[in-house]
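Read through the structure below, which is laid out as structure tokens, and then see the notes.
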There are 4 protein chains.
Amino acid sequence: MSPLNEEKLEQIHIQRVKEIKEAALKVFARKGISGTKMSMIAEEAGISQGLSYRYFKSKEELFIVLIQEAMEEADAAMKQIGQLPGTPMEQIRTLTQIILDESNKDAFLLIQQGKTANDVPEKARQIIEQYSAKDPIQGLVPIFVKGQQFGEFCAGDPYRLLLCYFSVITGLMLQEHQGDWTIDVDLLMKILKK
Amino acid sequence: MSPLNEEKLEQIHIQRVKEIKEAALKVFARKGISGTKMSMIAEEAGISQGLSYRYFKSKEELFIVLIQEAMEEADAAMKQIGQLPGTPMEQIRTLTQIILDESNKDAFLLIQQGKTANDVPEKARQIIEQYSAKDPIQGLVPIFVKGQQFGEFCAGDPYRLLLCYFSVITGLMLQEHQGDWTIDVDLLMKILKK
Amino acid sequence: MSPLNEEKLEQIHIQRVKEIKEAALKVFARKGISGTKMSMIAEEAGISQGLSYRYFKSKEELFIVLIQEAMEEADAAMKQIGQLPGTPMEQIRTLTQIILDESNKDAFLLIQQGKTANDVPEKARQIIEQYSAKDPIQGLVPIFVKGQQFGEFCAGDPYRLLLCYFSVITGLMLQEHQGDWTIDVDLLMKILKK
Amino acid sequence: MSPLNEEKLEQIHIQRVKEIKEAALKVFARKGISGTKMSMIAEEAGISQGLSYRYFKSKEELFIVLIQEAMEEADAAMKQIGQLPGTPMEQIRTLTQIILDESNKDAFLLIQQGKTANDVPEKARQIIEQYSAKDPIQGLVPIFVKGQQFGEFCAGDPYRLLLCYFSVITGLMLQEHQGDWTIDVDLLMKILKK
DNA sequence: AATGAATGAGGGTTCATTCAT
DNA sequence: TATGAATGAACCCTCATTCAT
């Protein structure tokens with residue numbers, strides 16, 4: 001009734017949306033879109049089955065929103081890299097660690113789902129394509145070239161080398177390291193090193 | 001008298017089974033088990049919906065058969081490597097190329113589906129586990145050690161290095177190289193090189 | 001080609017029809033119409049799946065033909081009874097034994113299926129009704145009345161008593177006497193006796 | 001606060017379960033298990049196709065639950081008989097009337113379906129066997145013997161006579177008395193009388 | 001005439017989505 | 001707003017029927 005109440009309601013609303021998105025991300029990332037049931041998301045979020053529909057029109061829309069946000073985050077991370085401290089090598093190592101970090105894992109898995117699964121909403125596909133078109137790797141080329149000049153990186157077509165490198169990274173994300181060993185980033189970077 | 005001699009019928013039967021398995025492999029590998037509808041397989045194989053059931057009891061059984069065969073093939077490939085010509089480095093390069101080869105891709109993707117999806121038949125999981133227990137990477141350790149002694153490979157725990165290397169390979173398989181560039185195997189092998 | 005051949009073919013045809021009908025009767029009687037698969041009939045008859053369709057247009061038609069014949073037989077049996085030797089009591093006992101006889105069992109069970117199941121072809125229902133309208137029990141009334149005069153049968157409305165009696169008989173047919181005891185006909189006839 | 005207090009929800013739940021069971025009993029009893037489509041039950045209960053599955057895991061489970069309850073009821077009826085007032089003859093007449101009563105008819109028909117149909121779930125078969133093993137007729141023997149001593153019942157093996165009698169009763173249940181005459185119980189009891 | 005492979009409509013079941021409370 | 005019951009479209013699978021041989 002009172003303005004205060006409305007504001008509070010608004011906050012609850014935002015909070016709910018966040019909870020649902022977090023729950024959905026967790027589930028979508030692991031089970032894919034067709035493997036995910038709305039009831040799983042509801043359970044993960046601790047709410048009732050029907051409630052998500054007050055906040056998201058459909059399972060598809062929820063997926064699309066998550067893809068959108070994941071792509072934005074990934075894009076932002078790629079753009080940040082120039083501002084990171086250290087040599088090009090160190091910058092790329094940091095980026096690699098961010099990507100492989102547990103807390104970002106779900107977002108990357110989600111993107112992977114969006115790229116490979118078949119039952120992905122058309123709109124989600126478009127978003128992915130649109131960001132891919134901006135080609136985040138292209139942005140890394142100058143940094144890599146600098147690294148080549150420093151003698152940190154090996155010779156060769158920078159774009160091609162980076163593409164290969166990030167394919168490897170993305171691939172690694174997709175695997176459940178059931179034994180809880182973690183990849184040694186320096187091992188991966190040998191791909192780029194001299 | 002015989003409308004179609006038995007041998008001919010038997011051949012047709014085998015042919016059909018093969019067609020269905022090929023179609024199913026293609027679809028399962030890409031869409032996962034729950035993302036795959038029997039109608040997709042039927043369409044891919046150019047047959048009607050019901051016909052698969054003359055040859056396979058269920059979608060599950062079809063998946064299990066495919067997993068079984070894929071694991072056998074993968075296992076055989078791993079075992080062969082010692083007999084390949086060349087130095088350890090060359091042997092592992094050859095193996096890598098076999099794995100990344102387009103014609104084997106689906107089988108590896110299928111295995112990946114079997115490992116990570118959540119709706120995998122229990123029996124398929126058992127088959128995977130049974131082969132994994134044999135730990136094919138373990139079999140490569142002696143070759144790798146020999147390579148280390150030759151000075152071809154870098155120092156470090158052989159098992160751990162190989163595990164990392166093959167995680168990278170597997171990860172690469174999961175990506176649709178939409179642009180039709182192919183990974184440069186020598187780039188990957190830098191991970192193992194001195 | 002030759003007339004002899006045609007005649008022979010005709011005989012084979014008749015023989016096949018008979019085999020299929022016998023097989024179908026056996027299965028329909030036990031499993032009902034929806035519980036019976038055409039493949040069961042084919043197996044029972046020792047022929048291939050598709051062959052029945054050369055002789056009968058459909059499962060329904062096959063069922064209808066069998067119902068028709070079973071009703072005709074039942075009707076004939078009822079009509080015969082007056083010609084049987086012995087007193088009315090003995091005649092009805094004989095009729096009872098015929099009905100309960102193993103070799104007629106399937107026909108009676110089939111009729112029962114036709115009366116009670118839901119998925120019975122309309123035409124089968126009509127046939128049953130048409131014979132029921134002729135009311136075979138009505139035909140037994142004179143015999144029963146004679147028995148009453150002889151003092152063999154109890155007093156009471158003859159039609160009603162006979163209806164009750166044959167309901168009992170029919171009911172008994174429906175039960176699988178798993179233990180292989182057989183009903184004592186004289187026990188049943190106490191219903192009619194003085 | 002509570003949208004609908006829990007008790008109320010619980011009551012609605014129980015009510016729905018009851019409605020579905022009643023509808024299913026009615027249909028199963030008449031059409032058998034394979035003759036019954038879930039859509040028939042849904043229609044009879046006035047609900048949608050999918051709803052039954054909130055209350056019963058499958059058609060099979062629903063059938064099994066109904067068989068279980070029917071057997072329990074039948075067993076209870078048999079056990080009660082000793083407590084009924086009157087002579088043995090009167091007790092058995094009462095039992096007969098209970099069995100033939102319209103309101104119990106479906107339960108008995110269901111049991112009959114469970115006994116004779118071929119597509120009965122294994123578990124349903126087990127339940128029936130388990131109750132049959134308790135052999136309810138055996139429990140009636142003492143009463144029958146008392147009746148023989150009273151001179152109400154005829155001589156002969158009590159078990160055999162009762163078995164025959166109840167076969168007759170069961171058989172009668174299976175028939176649709178399309179004309180709405182009802183069986184005269186005293187007529188049936190002549191089987192047992194002196 | 002005979003076989004058995006092939007088709008496709010229909011039934012059981014799941015689950016995204018809506019609705020009554 | 002929140003719940004969870006209710007709906008119905010879609011998927012897996014069976015089986016009556018047709019078709020190629």
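In the text below, chain A, chain B and the rest are named by the order of the sequence lines, each starting its count at 1. All values reported here derive from a predicted model rather than from experimental measurement.
Distance M40(C) CE to dT14(F) P: 13 Å, rounded to the nearest Å.
Phosphate contact (OP1/OP2 of dT14(F), side-chain N/O of Y53(B), threshold under 4.0 Å): absent. A close approach under 4.0 Å does occur between a side-chain nitrogen or oxygen of Y55(C) and OP1 or OP2 of dA2(E). Here R16(C) reaches the OP1 or OP2 of dA2(E): one of its side-chain N or O atoms lies under 4.0 Å away.
The nucleotide whose nearest atom lies closest to any side-chain atom of K37(C) is, among dT3(E), dC12(F), dA16(F), dA16(F). Distances were taken from every side-chain heavy atom of M38(A) (C-beta onward) to each of dA16(F), dT17(E), dA6(E); the shortest belongs to dT17(E). The nucleotide whose nearest atom lies closest to any side-chain atom of R54(B) is, among dG4(E), dG12(E), dA2(F), dG4(E). Looking at the side chain of I47(D), the nearest of the listed nucleotides dT7(F), dA6(E), dG4(E) is dT7(F).
Paired with Q15(C) under the rule side chain to side chain donor-acceptor pair (under 3.5 Å), one option of K18(C), E19(C), Q11(C) passes, and it is E19(C).
Mapping S48(D) and H13(A) onto DNA chain F via the closest heavy atom, the residue that lands nearer the 5' end is H13(A). Residue-to-nucleotide proximity on DNA chain F shows that, of E60(B) and G50(A), the 5′-proximal contact is made by G50(A).
By the 30° and 60° cut-offs, the orientation of the rings of F28(A) relative to F63(A) is perpendicular.
Using a 4.0 Å heavy-atom cutoff across all strands shown, T36(A) reaches sugar-phosphate atoms only and no base atom.
A donor and an acceptor atom, one from each side chain of Q130(D) and Q126(D), are nowhere located under 3.5 Å apart.
K59(A) contributes a side-chain N or O that, together with a main-chain N or O of I33(A), makes up a donor-acceptor pair within less than 3.5 Å.
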